[in-house]
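Input: a single structure, listed below in structure tokens.
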Amino acid sequence: MWAFIHKLGSPKWFYALSARLQPWFWALAAVLIVIGTLWGLAFAPADYQQGNSFRIIYIHVPAAFLAQSVFVSMAVAGLVFMVWKIKVADMAAAVMAPFGAAMTFVALFSGAVWGVPTWGTWWMWDARLTSMLILLFLYLGVIALRGSFASRHSGARAASVLAMVGVINIPVIKYSVDWWYTLHQPATFSVTSSPAMPVSMWLPLLVMVVGFYSFFIALTLMRTRNEILRRESNKRWVKELFQEAQ
Amino acid sequence: MTEGMTESVKQQSAPAGDESRNAAPSSGLGIALAATLRRDLVLMLRYRGEVLNPLVFFALVITLFPIGISPDPELLQRIAPGLLWVAALLAALLSLDSLFRGDFDDGSLEQLLLAPQPLAALSLAKVAVHWLLTGLPLALMAPLLGVMLSLPPGSYSILSLSLALGSASLSLIGAIGAALTVGLARGGVLLSLLVLPLYIPVLIFGAGAVQAAIMGDGAGAHLAILGALLAASLALAPWGIAAALRISING
Amino acid sequence: MAFSSFADFLAMGGHAPYVWSAWGVTLFFLLASVGHARLERRQLIRGLKRRQRRDQAYRASPQNSTGGQNAPAGGGHHDA
């Protein structure tokens with residue numbers, strides 16, 4: 001077990017392993033997202049209350065799931081980096097942050113667009129949208145903090161600490177915002193908590209969620225490989241990698 | 001102002017026998033804490049502006065709202081809990097940047113890192129001083145500004161109490177951000193970007209307590225949650241502050 | 001199939017602007033992140049190769065060849 005973790009921590013080994021894993025995740029992501037898109041847009045039945053605007057759920061929910069999971073994985077990677085000093089973990093954390101912020105933005109945007117036919121307004125201080133907005137600020141904070149240190153190592157450690165502080169706070173923020181929302185907006189119609197969604201509706205949703213997750217894994221692998229090339233460009237094995245290629 | 005530190009160092013090295021080495025840090029902890037508390041209090045009180053500025057800022061921001069919105073007492077009364085809490089939160093935020101800045105610039109923060117006592121405990125003492133000289137005065141001053149916003153009577157004690165409890169959590173959480181940005185030349189705006197999202201739960205329950213007191217419902221539940229948030233940040237934040245200080249100093 | 005015709009599908013029961021803009025923005029972000037990662041990789045590899053060529057040219061040139069044991073067979077690279 002420990003040997004495996006330390007092996008995984010070596011950039012060279014990770015570079016080789018991710019090269020083998022990456023195509024599978026890309027293929028899985030592409031197939032599932034295409035199937036989920038066609039299924040969700042064209043074949044799933046329309047909602048009896050919201051009509052076809054309900055189809056936004058097939059991107060809003062996967063993006064919102066990812067927005068939260070990416071932050072958690074970033075904090076876990078930060079913890080691994082701080083405790084075991086595994087550099088690959090920090091490279092992964094560094095490339096996850098912008099993607100997480102993008103997914104948070106997508107969740108916010110699709111939620112706002114969904115609000116127009118549902119609530120009649122672009123923005124509502126709905127509990128879910130509000131916590132998504134706060135999450136976006138947390139992402140921006142982590143990205144900004146990493147970028148503002150002159151030394152990459154300090155920036156990496158600072159961003160790891162902030163990600164861990166953030167991940168402890170996310171549930172607290174989420175519950176307090178939920179509580180605040182029920183206090184101020186009693187019994188409004190919530191978009192995504194429709195009771196007992198039929199199988200024909202949630203099955204495409206499941207396909208999309210799995211597709212988005214494999215997209216996240218594939219992208220993280222690919223960009224971590226880029227980050228390895230960038231940071232290890234002086235290492236002999238990286239140089240040898242492109243020796244015969246010329 | 002440094003006699004407190006040297007005192008603690010002397011106390012440390014006084015039992016010079018090798019066998020008493022192990023016992024030394026634990027016995028020195030109380031003295032080191034007291035010395036840090038006293039040193040920071042003296043320092044802060046010498047720079048009176050540092051203590052007064054957040055209070056003036058608080059009063060000024062509260063003055064802006066009736067001018068910017070409307071002097072109508074009914075409207076002001078409705079938004080007063082939120083206004084007072086947001087303004088106090090911003091005032092506390094404003095004072096955060098100086099929490100470790102002076103010690104970082106003159107090198108005494110490095111001494112704190114080198115001390116045999118745990119850094120988490122020593123930084124907790126620094127945060128306690130910060131709260132004593134910012135959070136507590138803000139809480140005591142808030143009722144006065146509440147009168148100006150025609151806050152209904154009966155909610156003043158809750159306002160003070162919620163601010164006193166809440167600002168302690170704000171100081172603790174904010175200190176993590178202050179410790180992370182203390183090494184940066186222009187950390188001020190970044191600090192607010194890092195810290196403000198983390199302040200939201202405290203804001204919700206703090207303003208909620210005052211709101212509940214106005215409505216006539218008991219504010220006990222809100223205050224209990226504020227207390228729980230404070231207990232959680234007391235238990236966790238010192239470790240974050242210590243880790244962040246180590247990063248800022250050692251890189 | 002939830003729609004009777006392709007035009008129906010495009011109209012989304014009157015919700016077309018919302019549904020299609022939400023999907024468009026999402027797909028844009030997904031494709032942009034893939035494109036960015038690919039571009040990043042290509043640039044990194046190009047930079048690495050350029051450095052390799054420079055190093056080899058440096059070692060191959062006579063005034064620098066102190067060791068000279070691994071001079072490249074196919075010399076004469078043009079410096080970028």
Side-chain angles (χ1 to χ4, degrees), chain A residues 71 75 78-79 81-83 85 90 97 101 104 125 127 130-185, chain B residues 82 166 169 172-209 211-212 215 217 221-222 225-226 228-229 232-233 235-251:
Chain A
F71 204 98
L79 182 74
F81 170 65
M82 291 290 272
V83 174
K85 314 260 182 286
D90 175 61
T104 315
W125 289 97
T130 310
S131 8
M132 269 297 143
L133 186 63
I134 299 169
L135 186 64
L136 182 63
F137 289 134
L138 286 174
Y139 270 118
L140 295 181
V142 172
I143 296 173
L145 185 67
R146 182 185 285 276
S148 53
F149 278 84
S151 116
R152 181 185 280 152
H153 186 65
S154 309
R157 301 216 307 153
S160 305
V161 169
L162 187 65
M164 283 187 268
V165 171
V167 92
I168 293 172
N169 268 279
I170 283 175
V172 180
I173 292 172
K174 205 170 157 42
Y175 284 115
S176 48
V177 167
D178 280 351
W179 180 87
W180 160 83
Y181 182 69
T182 51
L183 189 79
H184 289 270
Q185 318 262 311
Chain B
S169 312
L172 281 163
I173 299 169
I176 303 177
L180 280 174
T181 53
V182 71
L184 304 173
R186 285 180 294 277
V189 184
L190 182 63
L191 173 62
S192 35
L193 176 60
L194 304 188
V195 161
L196 279 179
L198 304 176
Y199 276 0
I200 285 168
V202 181
L203 173 67
I204 286 175
F205 289 106
Q211 198 78 258
M215 303 285 212
D217 319 335
H222 297 82
I225 294 177
L226 279 180
L229 288 177
S233 28
L236 297 175
W239 310 108
I241 301 170
L245 283 179
R246 286 214 174 84
I247 294 167
S248 282
I249 294 206
N250 298 335

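Chain A is the first sequence line, chain B the second, and so forth, proteins listed ahead of strands; every chain is numbered from 1. No experiment lies behind these values; they were computed from the predicted model shown.
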Check your understanding: Side chain, backbone, both or neither: which part of A/Y175 has a heavy atom under 4.5 Å from chain B?
Key -> neither

Check your understanding: Taking the side chain as C-beta and beyond, is there a heavy-atom pair between B/L193 and A/L145 under 4.5 Å?
Key -> no

Exercise for review: Heavy atoms only: give me the nearest B/L194-A/G141 pair and the separation to one decimal.
Suggested key: CD2-O, 3.4 Å

**Study point:** Top of A/L140, A/L133, A/L162 for chain B proximity - count of heavy-atom pairs under 4.5 angstrom
**Key:** A/L162

Review point. What part of A/M82 lies closer than 4.5 angstrom to a heavy atom of chain B: side chain, backbone, both or neither?
Key: side chain

Check your understanding: CD1/B/I200 to CH2/A/W180 distance, rounded to the nearest 0.5 angstrom?
Key -> 9.5 Å

Practice item. Mind listing the closest non-hydrogen atom pair of A/A158 and B/I247 along with its distance? Key: N-CD1, 3.8 Å

Point to revise | Beyond-backbone contact of B/I204 with A/I173, side-chain heavy atoms, under 4.5 angstrom | key: no

Review point. With a 4.5 angstrom heavy-atom cut-off, which part of B/L180 approaches chain A: side chain, backbone, both or neither?
Key: both

**Study point:** A/V161 versus chain B, the contacting section by heavy-atom distance below 4.5 Å
**Key:** side chain

Check your understanding: In terms of heavy-atom proximity below 4.5 Å to chain A, should B/L196 be classed as side chain, backbone, both, or neither?
Key -> neither

Point to revise | Under 4.5 Å from a heavy atom of chain B, the part of A/I170 involved | key: neither

**Study point:** Nearest-0.5 Å distance, OG of residue B/S233 to CG of residue A/N169
**Key:** 9.0 Å

Review point. Is chain A contacted by the side chain of B/L198, its backbone, both, or neither, given a heavy-atom distance below 4.5 Å?
Key: both

Exercise for review: Starting at OG of B/S192, measure out to CZ of A/F137 and round the result to the nearest 0.5 Å.
Suggested key: 11.5 Å

Exercise for review: Tell me, for B/L236 versus chain A, whether the close heavy atoms (under 4.5 Å) come from the side chain, the backbone, both or neither.
Suggested key: side chain

